Amino acid sequence: MITKERAEEISKTYYQKVFRYCLSASKNNYHDAQEITQEVFLVFSKKLSTLEDDFVEHWLLSVAKKKSLEYYRRLKKDEIVTHLEDSFTSIEDVLSTITR
């Protein structure tokens, strides 16, 4: 179990390392890296009672990898949905496409 005081120390110690990983994973997109890093430390704050101090660096980087993948999958999915929404502006357009 990690105390809140220790969690603050860990956050200060590993924040930049996690951020640099996320920055690399986001191909140097600063905004995306910040968002992903925030997600990582949000998960960290929720899991304090179940984490062991000995493996926290590895755990944080593993979560950063997972969150990076999830973030870009979500963006890709949103991009596809937006593209589909742009393709059909009304129900009439959809019906006309089906009935052709």
Side-chain angles (χ1 to χ4, degrees):
M1 179 177 175
I2 297 174
T3 65
K4 287 188 179 192
E5 293 79 21
R6 179 66 181 130
E8 287 180 30
E9 290 176 32
I10 290 169
S11 296
K12 288 177 184 175
T13 302
Y14 295 112
Y15 186 90
Q16 284 301 317
K17 189 170 192 171
V18 171
F19 176 76
R20 283 192 308 272
Y21 175 86
C22 294
L23 191 61
S24 175
S26 68
K27 298 184 173 129
N28 293 322
N29 185 315
Y30 190 84
H31 178 265
D32 291 352
Q34 282 183 312
E35 282 198 37
I36 298 164
T37 302
Q38 289 299 318
E39 287 184 35
V40 170
F41 283 95
L42 181 63
V43 172
F44 174 64
S45 70
K46 291 178 180 180
K47 298 283 186 176
L48 292 178
S49 64
T50 61
L51 293 173
E52 295 295 325
D53 206 345
D54 297 342
F55 303 103
V56 75
E57 179 182 8
H58 176 74
W59 184 87
L60 286 168
L61 293 172
S62 295
V63 173
K65 180 180 179 181
K66 181 181 176 190
K67 290 296 179 185
S68 295
L69 291 170
E70 287 175 2
Y71 185 83
Y72 284 103
R73 283 185 188 132
R74 188 172 54 241
L75 283 181
K76 188 172 185 173
K77 183 179 176 183
D78 291 346
E79 183 179 303
I80 291 169
V81 169
T82 300
H83 177 71
L84 288 173
E85 287 173 346
D86 291 344
S87 297
F88 298 107
T89 56
S90 69
I91 191 67
E92 289 79 21
D93 289 344
V94 174
L95 292 175
S96 69
T97 303
I98 294 172
T99 58
R100 287 186 191 165

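Here, residue 1 is the first one in the sequence, and each next residue gets the next number. Quantities reported herein were computed from a predicted structural model and do not represent experimental measurements.
The two residues Ile2 and Ala7 make their nearest non-hydrogen contact at CG2-N, 3.7 Å. Summarising the geometry of Ala64 relative to Val18, their closest heavy-atom pair is CB-CG1, 4.0 Å, with the distance given to 0.1 Å.
Annotation: side-chain contact (heavy atoms from CB on, under 4.5 Å) contacts of Gln38 (sequence neighbours excluded): Tyr15. Partners of Tyr21 under the side-chain hydrogen bond (donor to acceptor under 3.5 Å, both in side chains) rule, at least two apart in sequence or in another chain, do not exist in this structure. Residues passing the ring pair (Phe, Tyr, Trp, His ring centres under 6.0 Å) test with Phe19, sequence neighbours excluded: Tyr30. Listed by chain and residue number, nothing satisfies the side-chain hydrogen bond (donor to acceptor under 3.5 Å, both in side chains) test with Gln34 (two or more places apart in sequence, or in another chain).
Atom OG of Ser11 is separated from atom CZ of Phe41 by 5.0 Å, given to the nearest 0.5 angstrom. Between the OG1 atom of Thr37 and the CG atom of Asp32 there is a distance of 10.5 Å, given to the nearest 0.5 Å. The CD1 atom of Ile36 sits 14.0 Å away from the NZ atom of Lys65 when rounded to the nearest 0.5 Å. Here the straight-line distance linking atom NE2 of His31 with atom OG of Ser26 works out to 11.0 Å at 0.5 Å rounding. Note that CG of Leu48 and CD1 of Ile10 are 8.0 Å apart. Values are rounded to the nearest 0.5 Å. Rounding to the nearest 0.5 Å gives a distance of 12.0 Å between SG of Cys22 and CG of Asn28.
Between Glu70 and Lys67 there is a salt bridge, since at least one side-chain N of the basic residue sits less than 4.0 Å from a carboxylate O of the acidic one.
Here the side chain of Ser24 pairs no donor or acceptor atom with the backbone of Arg20 at under 3.5 angstrom.
A side chain to side chain donor-acceptor pair (under 3.5 Å) check over residues 39-50, counting only residues at least two apart or in different chains, returns the pairs Glu39-Arg74.
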In residues 53-60, what donor-acceptor pairs under 3.5 Å come from side-chain atoms, sequence neighbours left out?
from: Asp53; atom 1: OD1; to: Arg6; atom 2: NE; distance (Å): 3.4
from: Asp53; atom 1: OD1; to: Arg6; atom 2: NH2; distance (Å): 3.0
from: Asp53; atom 1: OD2; to: Arg6; atom 2: NE; distance (Å): 2.6
from: Asp53; atom 1: OD2; to: Arg6; atom 2: NH2; distance (Å): 3.4
from: Glu57; atom 1: OE2; to: Lys17; atom 2: NZ; distance (Å): 2.3

